[in-house]
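Values below: all heavy atoms of this structure, side chains included; hydrogens, waters and symmetry mates excluded.
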Amino acid sequence: MAEAKRGEAFLKTFRLLSSRPDFSGAVDEINRLTASRPSGLAPRASIVIPVYGQLGYTLNCLHSLVPDIVRGDVEVLIGDDASPDGSARWLAGLHHIRYIRHETNGGFIRNCNLTASEVTAPYIVLLNNDTRVVPGWLDAMLESFTLFTDAGLIGAKLFYPDGSLQEAGGIVWLDGSAWNYGRDDDPNRPRYCHARRVDYVSGCAIALPIDDWRVLGGFDSLYTPAYYEDTDIAFRLRQGGRSTWMQPLARVIHYEGMTSGTDLTSGAKAYQVQNSQKFRHRWAPTLASHRKNGVDPWLERDRDTKKRVLVIDTVNPTPDQDAGSAATVALIRAYIALGYHVLFVPEDNFLYDPQATTELQRIGVECLYAPYENSLTTLLTRYGPYLSVVHLIRPETAKRALDLVKTYVPQARLIYLNADLHFLRLERQAEVEGRRELLAEAGRMKEVELGITSRVDTTFVHSHMERDLLSQMVPMARVEVMPLIHTLVGRQSSFTERQDVMFLGGYNHPPNVDAALWLIDGIWPSVAEACPQARLLIVGANPPQALLEKASDRVIVTGRVDDLAPWFERTRVFVAPLRYGAGAKGKVVTAMAHGVPVIASPIAAEGMGFVKGRDLLVAETPVDLAESIVSLYNGPETEWLRLADNGLNRVRDGNGLDAVVAALEAVLNRP
């Protein structure tokens with residue numbers, strides 16, 4: 001692990017583990033690195049570091065905290081429990097650190113509780129001095145309180161200095177004994193890499209809301225001087241309806257045993273054995289529902305999980321690039337909201353994607369990927385008995401997986417989400433482009449899609465029109481509409497501050513390429529003449545060469561953008577001139593969610609329940625589309641605001657997560 005190597009270099013440079021008494025170099029280096037810290041920011045978190053000797057490790061820990069200190073929105077409090085070494089001399093000289101020395105040694109619990117009484121931030125983060133944090137750890141911890149509304153405590157994923165796994169949360173067994181889940185195993189195995197509720201997390205790196213900490217009275221002095229206080233506080237939170245979560249994106253290196261050793265028969269470590277007995281006695285009624293030591297750890301690590309769903313898609317979702325991926329993520333979030341543990345596999349390639357996979361793991365999805373999983377048959381054999389639901393996405397994936405799922409997971413409810421009706425899109429493309437060979441392909445795809453719909457328990461589509469069409473073609477099938485989800489963004493800039501016209505799409509999708517080229521060649525010239533200050537923004541990932549060649553000073557082809565908001569803020573009119581396609585159109589919902597009025601072709605507007613003239617404008621021919629754009633672009637502003645606000649209201653009412661959850665829940669609750 002790279003961060004461990006940085007720590008080793010720091011330790012070596014300043015000889016912090018030797019008997020050398022002069023630590024001025026290390027102190028000066030930390031002060032130099034934190035000199036640019038801004039002042040006056042209210043802290044979002046207070047990091048409490050209890051110390052007793054081991055100055056070298058304390059300075060190593062502080063060195064890793066430099067990026068957090070420099071941001072200026074955290075405070076670091078060091079509680080020195082009357083260290084016998086030179087800690088007082090050197091730690092007091094650190095800038096931007098609150099150094100608190102206790103005159104008598106009272107042990108770890110007393111030190112933490114006394115130092116925590118000085119916290120001023122809304123969150124307290126307890127961090128052992130024999131740790132080294134990995135960049136991004138604190139953001140991952142604090143963001144988890146927003147992600148998991150029942151969270152009362154968030155803990156880190158712990159590593160040994162050599163990069164092996166020390167702990168991915170803890171399991172407490174029937175007898176009160178505890179496991180560091182995953183100890184000494186490969187930390188990249190999928191089972192250790194997703195956020196999840198746990199019995200406890202080791203207290204060397206944990207975060208709590210300060211109000212909860214104070215209500216609980218901090219660590220319980222019953223366990224003085226140390227050990228089992230972290231497990232006990234997790235159980236007390238659990239008793240009050242709050243959960244403990246392990247967030248794997250909060251990565252911390254722990255030099256285990258540096259402060260208290262590892263010998264359970266002597267020294268401070270001996271209290272671990274004594275306190276385990278106290279803990280078992282206190283929590284015996286709760287522990288009665290736990291399994292015996294070592295029995296079914298894969299189930300015991302998720303003891304509160306009653307329902308599991310396996311979501312099988314073709315590839316990892318990239319919601320910033322295409323509407324289909326956004327729908328997949330929305331579906332996953334809806335399952336999580338309904339209390340399901342979600343497992344996800346990109347069936348086409350079993351690829352681990354550093355961004356897409358990590359984003360799912362952050363919210364609690366157990367992603368299954370190579371080299372740990374590379375066969376759907378093997379995967380279904382292993383996980384199948386535990387699954388309540390299998391959810392297939394896209395016809396290519398469903399065609400390959402359907403027989404395997406029915407064979408290995410016969411007890412699970414089988415649900416299918418068709419991103420759009422491919423055969424319908426191909427038929428329309430054949431008509432627009434005059435390509436008869438596409439009709440044969442459409443016929444083959446129709447057979448596949450109708451066959452899948454006839455064999456699953458429920459088929460979800462995003463369009464009311466497609467629901468009605470499928471229901472006619474497969475009368476015995478259950479077909480339901482799942483709304484496209486979008487977060488309401490809103491707008492900041494006014495009508496007069498906007499000058500541009502915009503189209504958005506992912507250009508690996510042929511209908512978007514066709515629409516963009518048709519817009520540029522057949523619609524834009526008359527708009528450009530009537531609106532000389534306007535530019536046409538062609539926004540989205542993977543534009544082909546044919547589209548890039550159309551770029552000019554007034555036709556901007558952006559390629560992929562990380563944040564759509566700035567582009568929508570400069571847009572006065574959004575146009576979706578699709579000539580063929582199927583399903584609901586994410587681009588239309590996205591524009592409405594940003595408070596921009598939409599002009600759409602009939603294909604782009606169909607099936608989503610929008611009212612023409614109220615929620616958006618609809619035009620079909622190049623002349624009508626151009627005239628509608630010019631008319632809306634030039635005002636009056638009241639008409640622009642009317643359409644923009646109506647679109648915002650429709651997204652708020654019909655395209656939020658609640659709407660997706662309601663649609664999914666209705667199907668899952670149906671016999």
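Annotation: side chain of Ile154 is not in contact with side chain of Ile206 (no heavy-atom distance under 4.5 Å). Thr397 has its side chain out of reach of Asp348: every pair of non-hydrogen atoms, C-beta onward, lies at least 4.5 Å apart. For the pair Val589/Val651, a side-chain contact is recorded, criterion being any heavy-atom separation below 4.5 Å from C-beta on. Arg535 places none of its side-chain heavy atoms less than 4.5 Å from the side chain of Val501. Trp640 is not listed as a side-chain neighbour of Tyr633, based on a closest heavy-atom distance of 4.5 Å or more. Side-chain contact check for Leu360 versus Ile332: some heavy-atom pair is nearer than 4.5 Å. The shortest side-chain heavy-atom distance between Phe344 and Asn316 falls under the 4.5 Å cut-off. By the 4.5 Å heavy-atom criterion applied to side chains, Val573 and Ile599 are counted as neighbours.
With hydrogens and angles ignored, the 3.5 Å screen pairs a side-chain donor or acceptor of Arg650 with a backbone N or O of Gly609. Judged purely by atom type and a 3.5 angstrom limit, Ser526 uses its side chain to pair as donor or acceptor with the backbone of Ile523. Under a 3.5 Å cut-off, the side chain of Ser601 and the backbone N or O of Leu578 do form a donor-acceptor pair. For His594 (side chain) and Gly490 (main-chain N/O), no donor-acceptor pair under 3.5 Å exists by modelled atom type. The backbone N or O of Val309 sits nowhere less than 3.5 Å from a side-chain atom of His341 that would complete a donor-acceptor pair. The backbone N or O of Pro317 sits nowhere less than 3.5 Å from a side-chain atom of Ser325 that would complete a donor-acceptor pair. Within the 3.5 Å criterion, the main-chain N or O of Val611 finds a donor-acceptor partner in the side chain of Asp615. The closest donor-acceptor contact from the side chain of Arg197 to the backbone of Trp245 lies at 3.5 Å or more, if one exists at all. In this structure, the side chain of Arg467 does not engage the main chain of Val479 through any donor-acceptor pair within 3.5 Å. Using a distance-only test at 3.5 Å, with no hydrogens or angles considered, a donor-acceptor pair links the side chain of Arg554 to the main chain of Pro532.
Across Cys193 and Tyr369, no two heavy atoms sit closer than the pair SG-OH, 3.8 Å. Contact record, Ala121 with Ile210: O-CG2, 3.3 Å, taken as the closest heavy-atom pair. The shortest heavy-atom contact between Gly647 and Met592 is O-CB, 3.8 Å. Nearest heavy atom pair, residue Tyr340 against residue Val389, reads CE2-CG2, 3.9 Å. When all heavy atoms of Ala619 and Pro602 are compared, the pair lying nearest together is O-CD, 3.6 Å. When every heavy atom of Phe495 is checked against every heavy atom of Leu632, the shortest pair comes out as CE1-O, 4.1 Å.
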* To do: Any chance you could lay out the side chain to side chain contact (heavy atoms under 4.5 Å, CB included) test for Glu431 and Tyr580, step after step, and finish with the verdict?
  => CA-CA 9 Å; Glu431 181 179 353; Tyr580 63 88; over 6 Å; no
* Should Phe460 and Val481 be marked as a side chain to side chain contact (heavy atoms under 4.5 Å, CB included) after you check the CA-CA gap, both sets of side-chain angles, and the distance that decides it? -> CA-CA 6 Å; Phe460 273 118; Val481 174; over 6 Å; no
* Stepwise, does the salt bridge (Lys or Arg N to Asp or Glu O under 4.0 Å) test hold for Arg491 with Asp645? -> CA-CA 10 Å; Arg491 60 177 179 268; Asp645 288 345; 2.7 Å; yes
* To do: List the steps and the verdict of side chain to side chain contact (heavy atoms under 4.5 Å, CB included) for Leu153 and Phe145.
  => CA-CA 8 Å; Leu153 188 153; Phe145 286 105; 5.9 Å; no
* Tell me, with the steps shown, if Asp313 and Thr328 meet side-chain hydrogen bond (donor to acceptor under 3.5 Å, both in side chains). => CA-CA 8 Å; Asp313 201 348; Thr328 297; 3.0 Å; yes
* Please report the C-alpha distance between Ile538 and Ile556 in whole Å, then the side-chain angles of each, then the deciding distance to 0.1 Å, and finally whether the side chain to side chain contact (heavy atoms under 4.5 Å, CB included) criterion is met. => CA-CA 6 Å; Ile538 305 296; Ile556 312 301; over 6 Å; no
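For the atom pair CG (Leu426) and CG (Leu438), the distance works out to 6.0 Å, reported to the nearest 0.5 Å. We find the CZ-OG distance between Arg71 and Ser36 to be 13.0 Å, quoted to the nearest 0.5 Å. Residue Glu143 holds its CD atom at 12.5 Å from CD1 of Ile363, rounded to the nearest 0.5 Å. His63 contributes atom NE2, which lies 5.5 Å from atom CG of Leu33 (distance to the nearest 0.5 angstrom). Asn634 contributes atom CG, which lies 13.0 Å from atom CD of Glu639 (distance to the nearest 0.5 angstrom). In this structure, CD in Glu347 is found 11.5 Å from CZ in Arg394, a value given to the nearest 0.5 Å.
Remark: Asp521 engages Lys550 in a salt bridge, criterion side-chain N to carboxylate O under 4.0 Å. By the 4.0 Å N-to-carboxylate-O rule, Asp420 lies too far from Lys585 to be salt-bridged with it. With salt bridges taken as basic N to acidic carboxylate O contacts below 4.0 Å, none links Asp68 and Arg44. Between Glu359 and Arg362 a salt bridge is recorded (basic side-chain N to carboxylate O distance below 4.0 Å). Residues Arg242 and Asp150 are not paired through a salt bridge, judged by the lack of any N-O separation under 4.0 Å between the basic side chain and the carboxylate. For the pair Glu569 and Arg498, the salt-bridge criterion is met [side-chain N within less than 4.0 Å of a carboxylate O].
Atom CD of Glu529 has 12 or fewer heavy atoms from other residues, nucleotides or ligands within 6.0 Å. For CD of Glu497, the number of neighbouring non-hydrogen atoms (other residues, nucleotides, ligands) closer than 6.0 Å is greater than 12. Other residues, nucleotides and ligands place no more than 12 heavy atoms under 6.0 Å from the CD atom of Glu620.
One side chain, Thr621 or Asp624, offers a donor N or O that lies under 3.5 Å from an acceptor on the other. No side-chain N or O of Thr571 forms a donor-acceptor pair with one of Asp500 less than 3.5 Å apart. Of the N and O atoms on the side chains of Ser144 and Gln247, at least one donor lies less than 3.5 Å from an acceptor on the other residue. For the 3.5 Å distance criterion, the side chains of Tyr416 and His391 fail to qualify, holding no donor opposite an acceptor. For Ser46 and Glu75, the side-chain atoms include at least one donor-acceptor pair closer than 3.5 Å.
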Pair up each side-chain donor or acceptor in residues 654-663 with any protein partner under 3.5 Å, not counting sequence neighbours, and list the distances.
unit_1, atom_1, unit_2, atom_2, d
Asn655, ND2, Leu484, O, 2.6

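Both tests hold for Arg579 against Trp518: distance to the six-membered ring centre under 6.0 Å, angle to the ring axis within 45°.
Under the salt bridge (charged side-chain N to carboxylate O under 4.0 Å, His left out) criterion, Arg435 pairs with Glu433, Glu437, not counting sequence neighbours.
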